[in-house]
Structure formats: C-alpha cells, structure tokens
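Step one of this worksheet: look at the structure below.
Throughout, a chain's letter reflects where its sequence line sits, starting with A, and its residues are numbered from 1.
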Number of protein chains: 2
Amino acid sequence: MTTFEKNFTTAEYRRRIDRTRAAMSAAGHEAIVVCDPSNMSWLTGYDGWSFYTFQAVILKQDGDPHWWGRAMDAVGARRTVFMEDDDNIRGYDDTYVQNPDKHPMEDLARLLADLGLETARIGVEMDNYYYSAAAHRCLTEAMAKARLTDVTGLVNWQRAVKSEREIEYMRRAARIVEEMHARILELAEPGIRKNDLIAEIYATGIRGVDGFWGDYPAIVPMAPSGLDATAPHLTWDDRPMQTGEATFFEIAGAHRRYQCPQSRTLFLGEVPRKFRDAEAAVLDAIEAGLAQARPGNQAQDIANAFNATLNKAGFEKDSRCGYAIGISYPPDWGERTISFRRGDTTVLEPGMTFHFMPALWLDDGGLEITEPILITENGHECFCTTPRELWVKP
Amino acid sequence: MTTFEKNFTTAEYRRRIDRTRAAMSAAGHEAIVVCDPSNMSWLTGYDGWSFYTFQAVILKQDGDPHWWGRAMDAVGARRTVFMEDDDNIRGYDDTYVQNPDKHPMEDLARLLADLGLETARIGVEMDNYYYSAAAHRCLTEAMAKARLTDVTGLVNWQRAVKSEREIEYMRRAARIVEEMHARILELAEPGIRKNDLIAEIYATGIRGVDGFWGDYPAIVPMAPSGLDATAPHLTWDDRPMQTGEATFFEIAGAHRRYQCPQSRTLFLGEVPRKFRDAEAAVLDAIEAGLAQARPGNQAQDIANAFNATLNKAGFEKDSRCGYAIGISYPPDWGERTISFRRGDTTVLEPGMTFHFMPALWLDDGGLEITEPILITENGHECFCTTPRELWVKP
C-alpha cells in the first residue's frame with residue numbers, strides 16, 4: 001500500500017537501532033525519547049513537515065521503535081516508517097495542538113506508561129529545537145516516578161559514520177549543488193534582481209540532476225552582496241546585483257533529506273587587491289586543512305592547519321571552520337556533533353562527512369569558498385567538482 | 001550604511017514595544033527574553049536565518065530592546081534592527097556554538113546581569129522551538145537570584161491585530177500565492193514529475209508578482225497525491241502525477257516574512273462521486289464558517305458553524321479548522337495563538353488575520369480548499385481571489 005519508496009532497507013534501520021542501543025546501554029538508559037526530526041528519520045524513516053507540533057520516536061532496549069505524534073500525522077508515519085505493526089504508531093488528539101490549556105507531553109507520558117516505562121531511566125534530547133523547556137517541565141511532572149536524563153547528541157553521534165547508501169545520497173546531493181552553482185555562474189550579472197536569481201537556484205535544486213530529484217535543503221539559500229555579505233545569515237530581497245560587489249552563495253543540494261552544502265563567491269567587475277589576497281589566503285588554508293583530513297587525525301587538526309596558514313597570510317577567522325553533515329531538517333543542515341575547531345579531539349574515521357566551511361566575513365564583504373568532504377580509507381574526497389576559486393564576471 | 005530597506009518605521013516598532021510592555025506589566029514581568037524569531041523580528045526588525053543557534057531579544061520596561069546572539073550574527077543584527085545604538089547589540093563567542101562543554105545561556109546570564117536584571121522577574125518563552133529544555137536549565141542555574149516565569153505567547157498575542165503596513169505585506173503575499181496556484185493549474189498534468197512542478201511553484205513564489213519580491217515561506221510546499229494525500233504533511237519526490245488522483249497544494253506566498261498560505265486541490269481525470277460530495281460539503285461549510293467571521297464573534301463560532309454544516313452533509317473533521325497568521329519563520333507559518341476550534345473563545349477584532357483551513361483528509365485522498373482572511377470593521381475579507389472550487393484537469 002505504501003507508494004513512497006523507502007529510503008533504506010529495514011535491515012539498515014535495524015543496524016542503526018542496534019548501534020543506538022549499545023550507546024544507550026553504555027550510558028544506562030532503558031529508553032530514549034527522540035524529538036530531533038533528523039534522528040527520528042534516521043531511526044525509522046519517518047518523513048514529513050510535521051515537526052512544528054510535538055512528535056517523537058521512543059526506543060526501548062527491545063522491540064521496534066514507537067512513533068508518536070499528532071493524530072493526523074500518524075497517517076504519514078504509516079506511509080514512511082519501516083515498522084509494519086500499527087501498534088508502533090500512536091497519534092494524539094488534535095485538541096493538544098498549540099493549546100495553552102494542555103500539553104501533548106501529557107499524552108506522551110501515558111504512552112510511556114503503556115510501554116512499561118513509568119519508573120524507567122529515560123533519555124530525552126534536552127538541547128533540541130523540538131523539545132522545549134515547557135515540554136520537559138510537563139513530561140517531568142507527568143512522569144514523576146521516572147528518571148529523565150539528557151541524551152542530547154546520543155543519536156546524532158551514531159550518525160557520524162555513513163553507510164554506503166547514505167554516501168550515495170550525498171553524492172547525488174553533490175551533483176545537485178554543483179548544478180545550482182553552475183546555474184548561478186550562468187545567470188548572475190549586474191542588474192539581475194536577487195530574488196529572480198534565488199528563484200532559479202531553487203528551481204534548479206529541486207528539479208535535480210541526472211534523474212535524481214531535489215529535496216528541500218534544511219536552510220534556505222543565503223546570498224548577500226556587498227556590505228550585507230559582512231553578515232553570514234542574511235537571505236535576499238529584490239535589490240539588483242551590482243558591479244563592484246561580491247556575493248556569496250551558501251546553498252545546499254538535497255536528496256532524500258541528505259544535505260550537501262557548498263558555498264562559492266562571485267565578484268562582479270574588477271576584483272580589489274584585498275579581495276584577491278583573501279582568496280589566495282583562503283585557498284592555501286583550505287589546502288592545508290584538507291591535508292589533515294584523514295582517518296586517525298582529529299577534527300581540530302584541520303582547523304589548526306587551516307588557521308595557521310590563514311594567519312600567516314594576515315587573515316583571521318575566529319569561528320569554527322566546519323561541521324558534520326548528513327540527513328537533516330530545518331533549521332540546521334549540520335549534525336550538531338563534530339566541529340572543526342581548536343579543542344575538538346574527535347578522531348576522524350572513514351565514512352564521516354563534513355562541510356569544511358572556511359568562510360571569511362571581512363569589514364567590507366564576505367568570501368565563502370567551501371568544500372563538503374568525505375573521509376576515506378586513506379584520506380578524504382571532496383564531494384563536489386565545483387571549481388575552487390573566486391568567481392569573477394564583468 | 002544600512003542597505004536593507006527597513007520593513008517598518010521606528011515609530012511602528014515603538015508602538016509594538018509599548019503594547020508588549022503593557023502586557024508585561026499586567027503580568028508582573030520586569031523583563032522578557034524573547035527567543036521566537038518571529039517575535040524577535042516583530043519587536044526589532046531582526047531578520048536572518050540564524051535561529052539555529054541561540055539568540056534572543058531582551059525587552060525591559062525602559063530603553064530600547066537588546067539583541068543578543070552569535071557574534072557573527074551581531075553584524076546582521078546591526079543591518080536589520082531599528083535600534084541605532086551599538087550597545088543594544090551583543091554577540092557571544094563562537095566557542096559557545098553547539099559545544100557540549102558550554103552553553104550560550106551562560107553568556108546571556110551575564111548580559112542580563114549587566115542590564116541590572118540579576119534579581120528580576122523575567123519572562124521566558126518556555127514553549128518555543130528556540131528555547132530548549134537545556135537552555136532553560138542553564139539559564140535558571142546561572143540566574144539563581146532571578147525569577148524566571150513563562151511568557152509563551154505573550155508577544156505572539158500582541159501581534160494578533162495587524163497594522164496597515166502589515167496588512168499591505170499580507171496582501172502582497174496573497175498576490176504571490178494566487179500566482180503560484182495559477183501556475184500549478186497551468187502546468188500540472190499526468191506525467192509531470194512532482195519535483196518539477198514543485199520547482200516551478202518555488203520559482204514563481206520567489207520571483208513574486210507586480211514587482212513584489214517573494215520571501216521564503218515558513219513551511220515548504222506540501223503536495224501529496226492519491227493515498228499520500230490522506231496524510232497532511234508529506235512533501236514530494238519524483239513520482240509523476242497520475243490520472244485518477246487528487247493532489248492538494250498547501251503553499252504560501254511570502255513577502256518580507258509575512259505569510260499568506262492557501263490550499264487548493266487538483267483532480268486529474270474524472271472526479272469520483274464521493275470526492276464531488278466532499279467538495280460540495282466543504283464549500284457549503286466554508287460559507288457557513290465565513291458567515292461567522294466578523295468582529296464580536298468568537299473564534300469557535302467559525303469552527304462550530306463549519307463543523308455543523310459539514311456534519312449535516314455526512315463528513316467529519318476532528319482537527320482545528322484555522323489559526324492566526326502573520327509574520328513567521330520556520331517551522332510554522334501560524335502565530336500559535338488563536339485556533340478555530342470548539343472552546344476557543346477569543347473575540348474577533350478588525351485587523352486580525354487567519355488561515356481558515358478546513359481541510360478534509362479522507363480514507364482514500366485529501367481535499368484542501370482554504371482561505372486566508374482578514375477580519376474587517378463589518379465582517380471579513382478573503383485575501384485571495386483564487387477560484388474556490390475543486391480543480392479538475394483531464
């Protein structure tokens with residue numbers, strides 16, 4: 001009856017669950033309540049833009065996971081999750097939705113009790129967008145005999161090393177983001193309204209490439225020009241692109257919720273000396289960072305090599321220069337685990353995937369030239385073949 | 001120096017702040033910490049896709065609001081907020097970003113102390129996506145002498161009645177969503193890949209219409225077909241549209257962050273009797289609901305009239321049939337205040353805006369025919385002129 005093509009085999013979901021259970025055991029959790037949509041999807045296949053109301057996957061040490069959410073979304077769960085038994089899907093009444101008089105966590109507490117977890121040690125993702133302070137207060141009160149502890153990141157960390165199928169989806173997303181950048185380079189010119197260019201970026205990304213359809217990226221295109229590009233996260237309006245300004249394009253291709261972000265910067269007109277210097281410094285520093293991207297090294301090795309080279313050329317970047325990527329939902333396409341920065345001693349392993357994101361936001365403009373990468377057996381591979389340089393058009 | 005056009009005058013922001021302060025006083029709050037991006041934007045003009053890291057607007061009973069967030073985003077704040085004094089913008093060090101060893105709320109606590117709020121009664125939005133359980137725990141510990149209380153919805157409620165300028169932005173968004181639906185009706189046909197159609201919907205929405213540029217909607221297009229449309233929140237893949245299936249398009253036009261959602265349903269081929277019956281029932285029930293949409297009536301009057309008419313025709317809808325709309329950021333284009341459902345006794349006032357959303361998800365398909373509306377002095381106005389009917393193409 002399901003017409004959606006499942007993204008992974010049931011065997012793959014079960015391997016993920018086994019890995020997660022081992023981590024749960026090690027930390028002493030009898031069960032976890034997972035509200036992060038990317039973790040929910042990774043564990044069960046659940047997909048839908050329903051995370052604006054409360055929902056969760058409950059994973060015990062035995063049996064299939066349980067999906068819990070708004071009753072109308074239970075229908076979407078039946079169509080997307082790997083679990084075949086309807087008992088593993090439970091919807092709550094619509095009167096719980098955005099109603100100050102009652103909270104959906106009261107219903108979740110009843111489900112947890114039904115699952116025999118009334119007095120259990122249960123992990124909750126304390127620091128997630130989709131587990132609010134009020135949700136925790138309500139669940140704590142309703143589960144007075146249980147012990148709720150923090151498992152923020154526990155599932156996210158299990159996602160760090162990707163399967164072959166996951167890497168294949170990221171490769172498809174990489175083809176898509178390459179195509180998006182090619183389209184930008186083709187169309188961007190003085191006078192084009194920024195929103196018209198963004199419209200083309202969206203359309204290209206969602207049409208996809210090579211028969212691989214585009215999914216929605218977990219962040220919208222960020223494409224500020226000139227002084228606006230001194231800030232990293234502004235989006236767009238209708239001001240036309242102008243000669244003498246740099247515009248960075250921080251965008252992602254997406255396929256079956258897997259994200260491949262990559263940024264490039266386009267200068268219209270004659271490039272000032274300072275901007276060329278920045279380009280040269282960043283390109284050298286990227287090479288230095290990539291040289292450290294291999295199994296056995298630590299995440300901070302990439303950042304330290306990058307920063308040392310950058311500083312030698314007279315530039316500074318005081319923010320992290322990369323983070324783990326994979327499956328994601330808004331508002332973030334990162335995995336919120338590993339960062340390329342001093343002090344992150346995570347050891348790199350084959351199958352890990354990152355957005356190496358050495359952006360520079362200068363006093364008078366921004367320069368983003370970034371690379372999504374895969375750690376391989378012997379080193380690394382850049383997902384994309386997009387030319388690594390500052391783009392210039394007259 | 002700012003090149004972004006401000007969305008509202010400083011006078012309008014000050015009126016909003018006055019209104020909010022009155023509500024704060026009535027509830028006994030000396031200050032509020034606002035993490036909801038739509039509330040942050042409504043109070044200060046701040047705009048940017050930076051809400052995946054912690055940020056807030058702090059509003060005391062005196063002085064201009066303070067923007068607080070990641071240091072790199074402080075640059076974007078300077079370019080978008082109405083406050084002119086740099087002292088009202090404070091960024092935190094990047095090492096606080098997604099770092100399990102420290103939490104940005106430690107930094108916010110220092111700012112609150114600097115603002116003289118160390119022992120104050122401070123409202124926090126306990127039930128918001130962008131104020132996690134961990135954030136609250138950290139802030140509570142770091143502000144041991146203060147009293148943190150829940151102000152979920154306090155600012156949202158001040159947004160319920162729109163200004164003329166806000167209504168103008170929503171009218172522009174309405175023009176955009178009309179154009180998006182017209183484009184769907186033009187292009188949809190058996191065989192078109194769903195993602196190719198979605199690409200066109202995006203491009204049309206972001207190009208905008210009549211010179212009004214399209215911003216990103218707070219939810220991506222939802223456009224399931226056939227049995228997938230029995231679930232409300234599935235998105236898309238590349239399966240082609242088929243004869244004999246209904247597809248609903250739940251989409252929004254957006255302009256300067258103001259959202260105008262509207263749904264229509266397209267049937268390809270000969271419409272089954274049951275589907276026609278559902279259409280007739282929904283259209284009658286919409287009329288019955290709209291007849292109650294006038295100042296002085298309660299929100300539930302619309303739902304009760306809608307449901308009574310629907311039930312008489314033999315159909316049922318057990319979820320709410322509408323909600324307040326206006327400025328919004330992902331993951332929800334609703335205001336999370338007023339709902340059209342039994343028990344919501346909010347009295348309608350001129351200037352309130354809603355998505356009247358009487359969708360039916362049946363056993364074998366979905367039917368969404370919806371209307372964004374404005375409560376006027378004497379009744380209501382539908383924002384859009386999109387033909388209100390089930391669309392049919394061969």
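We find that D237(A) and K194(A) are not joined by a salt bridge, their nearest charged nitrogen and carboxylate oxygen being 4.0 Å or further apart. With respect to D94(B) and R70(B), a salt bridge is recorded, a charged nitrogen being found less than 4.0 Å from a carboxylate O. Between R336(A) and D36(A) a salt bridge is recorded (basic side-chain N to carboxylate O distance below 4.0 Å).
Your options are R193(A), H136(A), Q98(A), and the one with the most heavy-atom pairs under 4.5 Å with chain B is Q98(A). With respect to chain B, the highest number of heavy-atom pairs below 4.5 Å among A199(A), G211(A), G334(A) belongs to A199(A). Contacts with chain A were tallied for D101(B), N195(B), I198(B), T53(B); N195(B) has the most, counting heavy-atom pairs under 4.5 Å. Among S132(A), G48(A), A231(A), the residue with the largest count of heavy-atom pairs under 4.5 Å with chain B is S132(A). If you tally non-hydrogen atom pairs under 4.5 Å between each of T337(B), I219(B), N128(B) and chain A, the highest count goes to I219(B). Looking only at heavy-atom pairs under 4.5 Å with chain A, the residue among H255(B), E200(B), R137(B), R320(B) that has the most is R320(B). Between chain B and the residues G343(A), G214(A), P221(A), the most heavy-atom pairs under 4.5 angstrom are made by G214(A). Note on D318(A), V75(A), V220(A): by heavy-atom pairs under 4.5 Å with chain B, the leading option is V220(A). Heavy-atom pairs under 4.5 Å with chain A peak, among G205(B), S319(B), P330(B), at S319(B). Options A134(A), S50(A), G153(A) differ in how many heavy-atom pairs under 4.5 Å they form with chain B, and the most are formed by A134(A).
Note: Y202(B) and W236(B) have perpendicular aromatic rings, judged against thresholds of 30 and 60 degrees for the angle between ring planes. Ring geometry for H103(A) against F54(A) counts as tilted: the plane angle lies between 30° and 60°, on a 0 to 90° scale. Classification of the W49(A)-F51(A) ring pair by plane angle, with boundaries at 30° and 60°, yields tilted.
With a 4.5 Å cut-off on non-hydrogen atoms, T152(B) does not touch chain A at all. For chain A, no part of E125(B) is nearby; none of its heavy atoms comes within less than 4.5 Å. If you measure heavy-atom distances from V97(B) to chain A, the contacts under 4.5 Å come from both the backbone and the side chain. Neither the backbone nor the side chain of A71(B) comes within less than 4.5 Å of any heavy atom in chain A. Only the backbone of T95(A) comes within contact range of chain B, with heavy atoms under 4.5 Å apart. At a 4.5 Å heavy-atom cutoff, the contact between R341(B) and chain A is made by side-chain atoms alone. Of the atoms belonging to A218(A), it is backbone heavy atoms, and not side-chain ones, that fall under 4.5 Å from chain B. The contact between M222(B) and chain A is made entirely by side chain atoms (from C-beta outward), counting heavy-atom distances below 4.5 Å.
Y216(B) places no side-chain N or O within donor-acceptor distance of the main-chain N or O of T235(A), the cut-off being under 3.5 Å.
Annotation for D344(B) and S339(B): closest pair OD2-N, 2.8 Å, computed over non-hydrogen atoms.
Figure legend: cation-pi geometry between R257(A) and Y329(A), with NZ or CZ positioned under 6.0 Å from the six-membered ring centre and within 45° of its axis.
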Please test Q55(B) against W67(B) for side-chain contact (heavy atoms from CB on, under 4.5 Å), starting from the C-alpha separation and ending with a verdict.
-> CA-CA 8 Å; Q55(B) 54 181 26; W67(B) 183 96; 4.2 Å; yes
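To the nearest 0.5 Å, the span separating NE2 on H233(A) from CG on D73(B) amounts to 5.5 Å.
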